[in-house]
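For reference, the structure is listed below as C-alpha cells.
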Amino acid sequence: MNEAHGSENDISSAIVATTGRRWLWAEVGMIEVETLFRDLWPALLRWGDETLALARTLHPGFWVALGAPVLLALLFRSVTAALLTLLLAAMALFVFRLGTDDLFRWTFTGLTDLAGLLAVLLAAFLQRRKRQLRQAEWRVGEIRQELDEVNRKYEGEVHWRRAAERVAAHETR
C-alpha cells in the first residue's frame, strides 16, 4: 500500500510547476513550453524568409492563377471566400517549397485554383440567394399591408351590413 502511494507521489512530484515556467509531462520526458515557443519563433521567421525567396522566383502565371480567385472573392465582398482562397494559395506555395516535380506542383496549383473559384462561386450564389430573400421579404411586407387594408374594408362592410340587417329587422316589427 505504501508503494502505491509512493509511486503516485513520484509521478505528481515529477510534474513541476515553478514560478514563471510551466512544464508539460510527456512519455519521453518533460518539455519546457517557454523554450519551445522561444525556439519556434526564429524557425518560423526563417521559414517565412525562405518562402519569400522562393516566391520571388516563381513564374508570374502562378501568381495570376492564385490571385484571380482572391480578387474575385474580394469583388463579391466575401471575406470568407477571400480567406479560403488565401489559405489555398498558401497551400500551393507550400507545395512549391517541397522538392516534387513540376507536373505535381502545377497540378496542385490548378486544383487549389479550382477550389478557390468554387469558393467564389458559392459566395456569389449565397449573395444572390440573400438578395432574393430580401426581395421576397419586401414583397411579403407589401402583401401583408394589402391584406390588412382588405381586412379593414371587409370588417367595415360586415359592420354596415349587420347594421342594415338590424335596421331592417327593427322596421319589420
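These numbers come from the heavy atoms of this one structure, side chains and all, not from hydrogens, waters or symmetry mates.
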How many angstroms lie between atom CD of Glu137 and atom CD of Gln135, to the nearest 0.5 angstrom? 11.0 Å

Residue pair Leu93, Leu58: steps toward the side chain to side chain contact (heavy atoms under 4.5 Å, CB included) verdict: CA-CA 9 Å; Leu93 186 61; Leu58 291 176; 3.6 Å; yes

Residues Arg161 and Glu165 bridged, charged N to O under 4.0 Å: no

Point-to-point distance, once rounded to the nearest 0.5 Å, from CG of Asp113 to CZ of Phe108: 12.0 Å

For residues Val95 and Leu84: do they belong to one hydrophobic cluster (side chain heavy atoms under 4.5 Å, members Ile, Leu, Val, Met, Phe, Trp, Tyr)? yes

Closest non-hydrogen atoms of Arg77 and Gln127, given as atom of the first, atom of the second and distance, are O-NE2, 3.8 Å

Quick one, Trp138 with Glu142, criterion side chain to side chain contact (heavy atoms under 4.5 Å, CB included). Give me CA distance, side-chain angles, the key distance, then yes/no. CA-CA 6 Å; Trp138 181 73; Glu142 283 182 342; 2.7 Å; yes

With the 4.5 Å side-chain cut-off for hydrophobic clustering, are Leu72 and Leu118 part of the same group? no

Measuring from Leu121:CG to Leu126:CG, what's the distance to the nearest 0.5 Å? 11.5 Å

For residues Val120 and Pro69, report the shortest heavy-atom separation together with the two atoms involved. CG2-O, 3.3 Å

Is Leu75 reachable from Leu117 through a run of hydrophobic residues whose side-chain heavy atoms are each under 4.5 Å from the next? yes

First locate atom CG of Leu111, then atom CE of Met91, and finally report the distance between them rounded to the nearest 0.5 Å. 10.0 Å

One should read off an interatomic distance between Gln132 CD and Phe125 CZ, to the nearest 0.5 angstrom, of 10.5 Å

Crowding at CZ, Phe62 (>12 non-hydrogen neighbours, <6.0 Å): yes

Find the distance between CG (Leu122) and OG (Ser78) and round it off to the nearest 0.5 Å. 9.5 Å

Should Val64 and Leu114 be regarded as members of a common hydrophobic cluster, given that ILVMFWY residues are connected when their side-chain heavy atoms come within less than 4.5 Å of each other, either directly or indirectly? no

Are Lys153 and Glu157 ion-paired here, with the side-chain N under 4.0 Å from a carboxylate O? no

In this structure, would Leu86 and Leu74 fall into the same cluster of hydrophobic residues linked by side-chain contacts under 4.5 Å? yes

